[in-house]
Structure formats: structure tokens, C-alpha cells
Amino acid sequence: MYQDFNKAELKNLGNGLKRKILAHSENLMTVYMEFEEGAVADVHSHDNHEQITYIINGEFEFNVNGQEYLCKAGDSLHFAKNMTHGCKCIKKAAY
């Protein structure tokens with residue numbers, strides 16, 4: 001599947017979060033996210049797909065299955081199906 005980044009809609013999710021849904025399949029979804037400083041993505045899980053996160057810039061506190069990680073530009077994370085994860089932006093950024 002091909003998705004032109006510039007043609008994907010940047011949707012305001014509220015609470016300082018914006019998202020573009022990019023290329024995806026039945027098992028994996030790629031999204032582009034923008035976070036305002038202090039914005040929180042509540043802890044959640046996905047029962048239909050895996051997720052890979054790559055930090056472009058900024059800093060985030062991630063909670064993955066109850067374990068805390070401080071993530072910055074260049075870091076990446078993998079979340080298997082049903083793995084709980086969430087984060088807080090501690091330095092304004094996009095990932």
C-alpha cells in the first residue's frame with residue numbers, strides 16, 4: 001500500500017494530539033502523530049494490530065506494560081497486539 005504523506009489528513013484528536021493515518025495492513029498500522037508539550041496518550045492496547053513507534057524529535061515518557069521508558073529522537077518501540085502502552089510528551093514534538 002502507498003500513502004502520500006502530504007495527502008493524508010492531519011486530524012485533531014483533541015487534548016494536544018494530532019494524527020495522520022498512513023500505510024497500514026490488517027496486522028500493522030502506521031501513523032504520524034504530533035503532540036503538544038504535556039499532552040498524554042492514555043494507556044491502551046490494540047487487539048487487531050501491532051504498532052511500531054519511532055521518535056522523530058522531542059522527548060516522551062512511555063509506559064509499556066507498566067514499565068517506564070524515557071524516549072527521545074532516534075528511539076523506537078514495538079508493541080505487540082494487546083500490549084498496553086501510552087505516553088506523555090515532556091518536550092513538544094512529533095513522532
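In what follows, every heavy atom counts, from backbone to side chain, and hydrogens, waters and symmetry copies are set aside. Count residues from 1 along the sequence. Since the model is a prediction, treat every value here as computed from it, not as a measurement.
In summary, the aromatic rings of Phe35 and Phe60 are positioned with their centroids under 6.0 Å apart.
No single ILVMFWY cluster, assembled from side-chain heavy atoms under 4.5 Å apart, contains both Val40 and Phe62. Residue Tyr69 is grouped with residue Ile55 when hydrophobic side chains (ILVMFWY) are merged at heavy-atom distances under 4.5 angstrom, including chains of intermediate members. Hydrophobic clustering of Ile, Leu, Val, Met, Phe, Trp and Tyr side chains at less than 4.5 Å, counting indirect connections, keeps Ile21 apart from Leu28. Cluster annotation: Val31 is connected to Met83 through the hydrophobic network of ILVMFWY side chains, with a link wherever side-chain heavy atoms come within less than 4.5 Å.
By the side-chain contact (heavy atoms from CB on, under 4.5 Å) test, Ser76 is found to be paired with Tyr54, residues two or more places apart in sequence or in another chain being considered. Qualifying side-chain contact (heavy atoms from CB on, under 4.5 Å) partners for Asn82, counting only residues two or more places apart in sequence or in other chains: Asp47. Contacts of Ser45 classified as side-chain hydrogen bond (donor to acceptor under 3.5 Å, both in side chains), with partners at least two apart in sequence or in another chain: none. Glu26 pairs by the side-chain hydrogen bond (donor to acceptor under 3.5 Å, both in side chains) definition with nothing, not counting sequence neighbours. His24 pairs by the side-chain hydrogen bond (donor to acceptor under 3.5 Å, both in side chains) definition with nothing, not counting sequence neighbours. Annotation: side-chain contact (heavy atoms from CB on, under 4.5 Å) contacts of His46 (sequence neighbours excluded): His44, His49, Gln51, His85.
Put simply, the residue from Glu36, Glu34, Glu37 that forms a salt bridge (Lys or Arg N to Asp or Glu O under 4.0 Å) with Lys92 is Glu36.
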Without placing hydrogens or testing angles, list every side-chain donor-acceptor pair under 3.5 Å for residues 2-20, not counting sequence neighbours.
| unit_1 | atom_1 | unit_2 | atom_2 | d |
| --- | --- | --- | --- | --- |
| Asp4 | OD1 | Asn6 | N | 2.9 |
| Asn12 | OD1 | Gly14 | N | 2.7 |
| Lys20 | NZ | Phe5 | O | 2.9 |

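Contact detail for Ala73 and Ile56: the closest heavy-atom pair is CB-O, 3.4 Å.
Contact annotation: the side chain of Gln67 never approaches that of Asn65 to less than 4.5 Å [non-hydrogen atoms, C-beta and beyond]. Leu77 is listed as a side-chain neighbour of Val64, based on a closest heavy-atom distance under 4.5 Å.
Annotation for Ile90: hydrophobic cluster partners, listed by chain and number, are Leu70 (ILVMFWY side-chain heavy atoms under 4.5 Å, direct or chained).
Screening residues 61-82 for salt bridge (Lys or Arg N to Asp or Glu O under 4.0 Å) gives Lys72-Asp75 as the qualifying pairs, with residues at least two apart or on separate chains.
We find the NZ-CD distance between Lys91 and Glu59 to be 5.5 Å, quoted to the nearest 0.5 Å.
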